[in-house]
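Here's the structure, in structure tokens; my notes come after.
The shown structure was predicted, so the numbers you read here are calculated from the model rather than taken from an experiment. All chains are named by letter (A, B, ...) in the order of the sequence lines, taking the proteins before the strands, and each is independently numbered beginning at 1.
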Amino acid sequence: MIADTADTAELHDSIISWFDANSRDLPWRRNASPWAVMVSEFMLQQTPVSRVLPVYEAWIERWPTPADLSKASTGEAVRAWGRLGYPRRALRLHAAATAIVEQHGGEVPKSHEALLALPGIGEYTAAAVASFAYGQRHVVLDTNVRRVFARIAAGQQFPATSLTSAERELATSLMPEHNAHRWAAATMELGALICTARAPICSECPVADLCSCRWRKEGYPAYDGPPRSGQAWAGTDRQCRGRLMAVLRDSPVPVPKTQLDLVWTDELQRERALDGLVADGLVEPLEDDLYRLPE
DNA sequence: TATGCGTGGAA
DNA sequence: TTTCCAAGCAT
């Protein structure tokens with residue numbers, strides 16, 4: 001089936017053809033610079049496209065090169081990050097820009113190894129930048145691709161909790177010799193638009209015509225793996241950190257601690273969260289119990 | 001390997 | 001309303 005060479009070639013053709021006709025016109029796909037691709041990948045980590053778009057556009061206009069961002073303060077980067085979430089990503093992007101200037105002559109490195117060594121870049125992002133910015137051939141396994149392959153090849157509704165070696169081997173065996181970067185983009189787009197987590201649109205899936213989606217062929221067996229535990233939110237340190245960061249982001253001047261005290265009642269947890277933010281480099285404590293984003 | 005880390009839209 | 005989920009990384 002999928003392992004068969006001829007069927008695999010047909011799978012490539014149908015999914016890439018579907019991609020050519022149905023892919024979204026996203027700014028980081030419009031002849032964007034490697035830096036712009038890298039910025040988009042940082043922002044898209046765990047964050048929907050629709051929320052990334054406006055922040056990405058403003059960011060690229062303000063800091064069109066790694067050198068431009070490296071000259072800004074980390075606090076400016078965190079403020080420009082806005083409400084994208086996970087603001088440590090802004091710090092890591094800033095640190096990556098600085099490393100690119102200092103170690104790579106201001107150019108986003110091309111090798112997967114060099115990309116992986118940059119702050120905030122892991123296995124997925126290194127492969128994505130190498131593929132989408134430089135057209136290289138790498139296995140690109142994000143949540144979309146993992147779900148698509150789990151369904152097509154493993155007959156499972158959802159992939160394992162964490163990335164397994166079996167998934168890497170499967171993805172490697174499915175990757176075409178040529179146009180691997182387009183295959184990567186196409187399978188990601190298929191997962192994002194058609195083979196979605198909640199309600200896949202199999203009637204519009206290019207794979208459905210081939211009868212080669214194992215999950216579909218076996219009657220959509222329900223997920224039977226370990227419980228996919230959702231992230232706790234209410235009452236967590238993360239929620240508290242978010243409240244504190246919102247106050248500091250929205251204030252043009254240093255904020256007195258008494259103002260931060262207003263957004264979270266549990267004093268012990270509030271202190272712990274604030275200390276954590278300072279330790280992470282997201283908040284800078286000043287004299288007289290004043291706090292601000294770092295400069 | 002399991003956990004912590006933001007935010008907000010959609011079902 | 002609550003729950004789920006969105007192009008992961010670092011530890």
**Q.** Nucleotide dG6(B), atom C1' - distance to CG of Leu277(A) in whole Å
**A.** 11 Å
Q.
With salt bridge (Lys or Arg N to Asp or Glu O under 4.0 Å) as the rule and sequence neighbours excluded, what pairs involving residues 24-35 of chain A come up?
A. Arg24(A)-Glu189(A), Asp25(A)-Arg30(A), Arg29(A)-Glu189(A)
Q | side-chain contact (heavy atoms from CB on, under 4.5 Å) partner of Arg151(A), the single match among Cys202(A), Cys195(A), Pro159(A) | A | Cys195(A)
Q.
With hydrogens left out and only the distance checked, is there a donor-acceptor pair under 3.5 Å joining Arg238(A)'s side chain and the base of dG6(B)?
A. yes
**Q.** Same-atom distance (P) from dT3(B) to dA7(C), integer angstrom
**A.** 23 Å
Q | Residues within residues 162-169 of chain A bordering DNA chain C, heavy-atom distance below 4.0 Å | A | none
Q. Rounding to a whole Å, what distance do you find between Arg83(A):CZ and dG6(B):C1'?
A. 9 Å
Q) For Ser50(A) and Arg89(A), take the nucleotide of DNA chain B holding the closest heavy atom to each; which residue's nucleotide lies nearer the 5' end? A) Arg89(A)
Q. Are Trp35(A) and Trp81(A) in one and the same hydrophobic cluster, where Ile, Leu, Val, Met, Phe, Trp and Tyr link if side-chain heavy atoms are under 4.5 Å apart?
A. yes
Q. Does a side-chain heavy-atom distance below 4.5 Å link Pro27(A) with Leu53(A)?
A. yes
Q. What is the distance from CZ of Arg243(A) to C1' of dT7(B), rounded to the nearest Å?
A. 13 Å
Q | Hydrophobic cluster partners of Trp215(A) (side-chain heavy atoms under 4.5 Å) | A | Tyr220(A)
Q. Have Thr65(A) and Asp68(A) got a donor and an acceptor in their side chains that come within less than 3.5 Å?
A. yes
Q | By salt bridge (charged side-chain N to carboxylate O under 4.0 Å, His left out) - contacts of Glu271(A) (at least two apart) | A | Lys257(A)
Q) If two hydrophobic side chains count as joined below 4.5 Å and joins carry through other members, does Phe149(A) share a cluster with Val139(A)? A) yes
Q. Could you give the CZ-to-C1' distance, from Phe42(A) to dG6(B), as a whole number of Å?
A. 17 Å
Q: Return the value, rounded to whole Å, for the distance between atom CG of Leu293(A) and atom P of dG6(B).
A: 13 Å
Q. Among residues 247-273 of chain A, which residues get a heavy atom nearer than 4.0 Å to DNA chain C?
A. none
Q | Inter-nucleotide P distance (dT11(C), dG6(B)), Å rounded | A | 14 Å
Q | Any side-chain heavy-atom pair of His138(A) and Met175(A) under 4.5 Å | A | no
Q: Answer yes if the side chains of Tyr124(A) and Glu41(A) hold a donor-acceptor pair under 3.5 Å, and no otherwise.
A: yes
Q. Which letter, B, S or -, goes with each nucleotide of nucleotides 4-11 of chain C from 5' to 3', with contact meaning a protein heavy atom under 4.0 Å?
A. BSBBBSS-
Q) Taking all atoms of both residues into account, what is the closest heavy-atom pair of Ala126(A) and Ile121(A), and its distance? A) N-CG2, 3.4 Å
